[in-house]
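Just so it is clear, the structure is predicted and the values come from calculations on it, not from any experiment. These values consider heavy atoms only, across backbone and side chains, with no hydrogens, waters or symmetry-generated copies. FYI, the numbering just counts along the sequence from 1.
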Amino acid sequence: MAGSDGMRRGFWLQNGRGLTVRETVEYAVAAEEGGFDGVFVSDSIWDGFSDPWTVLAAIAERTERIVLGTWITPVPLQVPWRLAHTLASLDQLSDGRMLLGTGLGTRHDDEMFGGTYDARALGRRYDEALEIITALWRGETVTHTGEHYSLVEARLPVLPVQQPRIPIVAGCWWPNLAPMRRGARWDGIMPTLPAMLGDQEGPEGQQPTGVPLAEEFRQLMAAYHEMTDDPGEVVVPALRDADYLAACEELGATWLLNGRADSADDLRAGPPSLS
């Protein structure tokens, strides 16, 4: 149920950060009861999160309406045909409610299991994986020999309900343009802005710039609109900053995500006021 401003309200469940798997599922059920439009789970082992696919399968069985998404899945660290198979199965289980939020992953995600973090190399793996995933989702028999993957007459036994694909929404750190171009080629962006960090450092050493949040968002959206005439989804945190929220409404943000609740009852009370 989109608000009067047209933006849908979602909740980042922070699966595993202080919540058991069962509690995470109960929070998602409460969010649907409270009128949220979607719930998003994280996909990272190093940062203390539970497995997103187990959680989303349980949520799909307990809910009927809300969109189920990831924020975000590190695609280069996945086996693309397994990821395609898992998401197609979840899309069937949820009757077409899946959304795949994607990204490179962090240095910790890669190095924890013996990888070497190289953003350009990971980006090439990421793009190749998305092409394979979406071809499989279309029901094609895929034979592919690329830089990172090889398939011989591969085909999925199940397909997503959503066609031509489950929406793919790319995570990005402003002012990095490559992830935004990727989002423009697919179905939208999940941007993070330096001004959202406060006085914290981002996971790859990103630093606040001193530019006001609303102005950073305007700069980002100006750059993004130069890349595409169909921006798709723009998924951003719901922050209590009147200028920023006005810019979100004006410039086409489609999702505002909250990420704090002290109990499931808080979620049953509905999305918090942003005023």
Side-chain angles (χ1 to χ4, degrees), residues 13 15-16 21 24-25 39-61 67-119 121-171 179 182-183 185-187 190:
L13 287 167
N15 45 304
V21 172
T24 302
V25 174
V39 291
F40 293 75
V41 300
S42 290
D43 186 356
S44 173
I45 295 176
W46 81 269
D47 207 19
F49 295 106
S50 54
D51 175 63
W53 316 121
T54 304
V55 170
L56 288 169
I59 294 171
E61 277 291 274
V67 172
L68 309 177
T70 57
W71 193 34
I72 60 174
T73 293
V75 171
L77 308 185
Q78 312 290 319
V79 178
W81 45 91
R82 295 297 302 174
L83 184 60
H85 193 193
T86 297
L87 266 294
S89 300
L90 282 169
D91 206 50
Q92 285 202 9
L93 183 63
S94 65
D95 294 322
R97 291 186 281 137
M98 292 303 303
L99 182 152
L100 177 61
T102 64
L104 284 184
T106 68
R107 186 175 301 277
H108 300 285
D109 287 317
D110 202 29
E111 293 179 348
M112 183 176 183
F113 298 103
T116 300
Y117 188 83
D118 180 329
L122 288 170
R124 294 194 300 273
R125 181 186 291 269
Y126 182 179
D127 290 331
E128 187 178 346
L130 289 181
E131 294 294 342
I132 291 167
I133 288 166
T134 52
L136 291 168
W137 281 346
R138 290 192 297 268
E140 297 176 11
T141 299
V142 179
T143 296
H144 170 90
T145 301
E147 180 181 359
H148 299 286
Y149 306 107
S150 296
L151 296 85
V152 179
E153 296 186 357
R155 189 178 180 91
L156 287 185
V158 297
L159 296 178
V161 172
Q162 299 177 86
Q163 289 294 328
R165 61 177 173 266
I166 294 166
I168 295 170
V169 182
R182 186 175 289 113
R185 292 196 301 272
W186 296 102
D187 302 301
M190 293 179 162

TODO: Show your working on side-chain contact (heavy atoms from CB on, under 4.5 Å) between Asn15 and Val21 and close with a plain yes or no.
DONE: CA-CA 7 Å; Asn15 45 304; Val21 172; over 6 Å; no
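- For the pairing with Met98, the side-chain contact (heavy atoms from CB on, under 4.5 Å) check across Leu90, Val161, Leu93 returns one residue only, Leu90.
- Of all the heavy atoms in Val55 and Ser50, the pair that sits closest is CG2-OG, 3.6 Å.
- In this structure, Asp127 and Arg185 have side chains that are in contact, with non-hydrogen atoms separated by less than 4.5 Å.
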TODO: Kindly indicate, with the supporting measurements, whether the criterion side-chain contact (heavy atoms from CB on, under 4.5 Å) is fulfilled by Leu99 and Leu68.
DONE: CA-CA 6 Å; Leu99 182 152; Leu68 309 177; over 6 Å; no
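- Of the possible donor and acceptor atoms, one in the side chain of Thr70 sits under 3.5 Å from a partner among the backbone N and O of Gly101.
- Between the side chain of Arg138 and the backbone N or O of Arg165, no donor-acceptor pair lies under 3.5 Å.
- Atom CD of residue Glu140 and atom CG of residue Leu156 lie 10.5 Å apart, to the nearest 0.5 angstrom.
- Counting heavy atoms of neighbouring residues, nucleotides and ligands inside a 6.0 Å radius, atom CG of Leu159 exceeds 12 of them.
- You'll find the side chain of Ile166 reaches within 4.5 Å of the side chain of Trp137, heavy atoms only.
- In terms of heavy-atom proximity, Leu136 sits nearest to Ala154 at CD2-O, 3.7 Å.
- Checked by atom type and distance alone, the side chain of Glu147 never pairs as donor or acceptor with a backbone atom of Arg124 at under 3.5 Å.
- Under a 3.5 Å cut-off, the side chain of Thr143 and the backbone N or O of Glu153 do form a donor-acceptor pair.
- Using a 4.5 Å heavy-atom threshold, the side chains of Asp109 and Ile45 count as separate.
- Rounding to the nearest 0.5 Å gives a distance of 2.5 Å between OH of Tyr126 and OG1 of Thr102.
- Pro52 and Val41 get closest at one heavy-atom pair: CB-CG2, 3.7 Å.
- Counting only residues at least two apart or in different chains, salt bridge (Lys or Arg N to Asp or Glu O under 4.0 Å) contacts with residues 41-51 comprise Arg17-Asp47.
- The structure places CD1 of Ile59 at 7.0 Å from OG1 of Thr24, a figure rounded to the nearest 0.5 Å.
- Summarising the geometry of Glu128 relative to Tyr149, their closest heavy-atom pair is OE2-N, 3.2 Å, with the distance given to 0.1 Å.
- The side-chain heavy atoms of Leu83 and Trp53, taken from C-beta on, include a pair separated by under 4.5 Å.
- The minimum heavy-atom distance linking Ala170 with Pro179 is given by the pair CB-O, 3.8 Å.
- Between Gly123 and Leu104, the closest heavy-atom pair is N-CD2, 3.6 Å.
- Within the structure, every pair that satisfies the side-chain hydrogen bond (donor to acceptor under 3.5 Å, both in side chains) test and touches residues 78-99, not counting sequence neighbours, is listed here: Thr63-Arg97, Asp91-Gln162.
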Task: Worked check of side chain to side chain donor-acceptor pair (under 3.5 Å) between Thr134 and Trp186 - done: CA-CA 10 Å; Thr134 52; Trp186 296 102; over 6 Å; no
